[in-house]
J.: 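Let me give you the structure first, and then I'll get to my questions.
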Amino acid sequence: MDSSRDNLFTRFTTFWWALFVFVGFGVLLAVIWLFNNSEPKNLEDVVAEARYKNKEDVLKAQAAALPQETIDKAISTVATQLAASKPAAVSTDAQIVPGSARAKAKEAGGSVDPTAINKAAAESTDPVDPAVVEKGKASYLLCGACHGQNGEGVPMAGPPLAGSEWVTGPVSNLVIIGFRGLTGPITVAGKEHTEFVAGMAPMAAAMTDEDFAAVLTYIRNSFGNKASQVKPEWVKAFRGEIGKPQLPTSELIKPEAK
Ligand code: HEC
């Protein structure tokens with residue numbers, strides 16, 4: 001700069017210009033920020049909002065305490081639909097995808113001769129562990145949709161488990177019913193059932209050995225039934241049944257007449 005123009009006055013003005021430009025940019029940035037600060041509304045946000053709203057409505061409806069008949073009706077509707085739905089049938093080993101959950105389940109245990117297991121269960125004198133029964137009760141909610149929460153059966157959805165000779169009979173039947181489902185007319189506690197056209201779908205293939213054993217222990221020791229507990233290793237022994245077609249009732253091992 002020309003030294004003759006370098007005086008206090010120019011320095012002072014330059015300072016104010018600089019400050020002015022600096023603050024000016026600051027204000028500009030603040031304005032830009034304000035304009036861009038509104039909530040972004042992308043598809044996910046809109047969907048999330050709708051879901052929160054739905055959840056709120058559901059919670060409100062639940063809080064309004066539904067009458068028991070409404071609940072019972074809803075349960076039997078769900079059960080009827082479940083009963084009518086066709087299970088995905090994997091009928092040959094060649095159809096099992098290598099590395100799939102189903103293939104792993106199969107590797108975990110092969111099919112075995114049920115005689116030894118059924119004998120061990122029938123002769124077992126081990127006391128039934130109440131903690132296992134309690135655990136089984138929680139998973140039974142699923143079965144209860146079709147068999148009734150008190151094992152009383154649900155019209156058009158599932159036969160009773162209360163007083164069923166199948167439930168207190170050979171353990172292998174129960175494990176295989178869970179892994180393959182069941183089809184065909186069946187007599188339970190003296191009453192013949194032919195109304196379950198779709199039969200029962202495999203319901204336990206995804207359960208752990210412990211959980212499924214606990215459910216079976218629960219049904220064998222509830223609703224007035226009394227039988228041995230079911231050990232997780234007995235469940236595991238039949239994992240090779242997973243993926244076979246629905247078990248025809250004619251292939252069940254007959255329980256001893258009571
Ligand atoms: C979607 C409905 C449905 C669900 C859920 C269901 N079942 Fe079944 N179950 C049936 C039907 C239907 C039959 C009769 C099948 C036939 O013979 O055609 C049956 C039969 C049975 C039988 C033999 C008959 C009897 O009444 O003793 C047993 C035992 C059984 N189920 C146990 C279970 C267990 C344990 C669960 C839960 C892991 C379960 N079921 C879940 C529908 C269901």
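Keep in mind the model is a prediction, meaning the values are calculated, not measured. Hydrogens, waters and symmetry mates play no part in the numbers below; they use all other heavy atoms, side chains included. Residues take their numbers from the sequence shown, with the count starting at 1. One-based numbering, in listed order, for ligands and for the atoms of each.
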J.: Nearest heavy atom to atom 38 (C) of ligand 1: which of G136, C143, G151 does it belong to?
T.: C143
J.: Using a 3.5 Å cut-off on N or O atoms only, is S164 in polar contact with ligand 1?
T.: yes
J.: I'd like to know if E241 pairs up with K244 as an ion pair, taking the criterion as any Lys NZ or Arg NE/NH1/NH2 lying under 4.0 Å from an Asp or Glu carboxylate oxygen.
T.: yes
J.: Just to confirm my output: which protein heavy-atom neighbour is closest to atom 13 (C) of ligand 1, and how far is it?
T.: P159 CD, 3.3 Å
J.: Quick check on G178 - does any of its heavy atoms sit under 4.0 Å from an atom of ligand 1?
T.: no
J.: How far is atom 2 (C) of ligand 1 from the closest protein heavy atom, and which atom is that?
T.: C146 SG, 1.8 Å
J.: Does L161 reach ligand 1 with a nitrogen or oxygen that is under 3.5 Å from one of the ligand's nitrogen or oxygen atoms?
T.: no
J.: Note the single closest protein heavy atom to atom 8 (Fe) of ligand 1, along with its residue, its atom name and the distance in Å.
T.: H147 NE2, 2.0 Å
J.: For atom 15 (C) of ligand 1, grab the closest protein heavy atom and report residue, atom and distance to one decimal in Å.
T.: L182 O, 3.7 Å
J.: Could you grab the distance from atom CD of E195 to atom CD1 of I186, nearest 0.5 Å is fine?
T.: 11.0 Å
J.: To check your reading of the model: name the closest protein heavy atom to atom 22 (C) of ligand 1, its residue, and the distance in Å.
T.: I177 CD1, 4.0 Å
J.: Using a 3.5 Å cut-off on N or O atoms only, is V215 in polar contact with ligand 1?
T.: no
J.: Which protein non-hydrogen atom lies closest to atom 12 (C) of ligand 1, naming both residue and atom, and how far is it?
T.: A157 O, 3.3 Å
J.: State whether K231 and D209 are salt-bridged, where the test is any N-O pair (Lys NZ or Arg NE/NH1/NH2 against Asp/Glu carboxylate O) under 4.0 Å.
T.: no
J.: Do F223 and Y218 have ring centres separated by under 6.0 Å?
T.: yes
J.: If we ignore angles and hydrogens, is there a donor and acceptor under 3.5 Å between the side chains of S139 and D211?
T.: no
J.: Any idea which of P160, G199, G181 brings a heavy atom closest to atom 26 (O) of ligand 1?
T.: P160
J.: For E123, is there an ion pair with K119 - N to carboxylate O distance below 4.0 angstrom?
T.: yes
J.: Kindly say whether M200 contributes a backbone atom to a donor-acceptor pair with the side chain of Q246 at under 3.5 angstrom?
T.: yes
J.: In the protein, which heavy atom is nearest to atom 16 (C) of ligand 1, and how far is it?
T.: G184 O, 3.2 Å
J.: Is there an N/O/S atom in M200 at a distance below 2.8 Å from atom 8 (Fe) of ligand 1?
T.: yes
J.: Heavy-atom contacts under 4.0 Å between T183 and ligand 1: side chain, backbone, both, or neither?
T.: backbone
J.: Looking only at protein heavy atoms, which one is nearest to atom 29 (C) of ligand 1, and how far off is it?
T.: L174 CD2, 3.5 Å
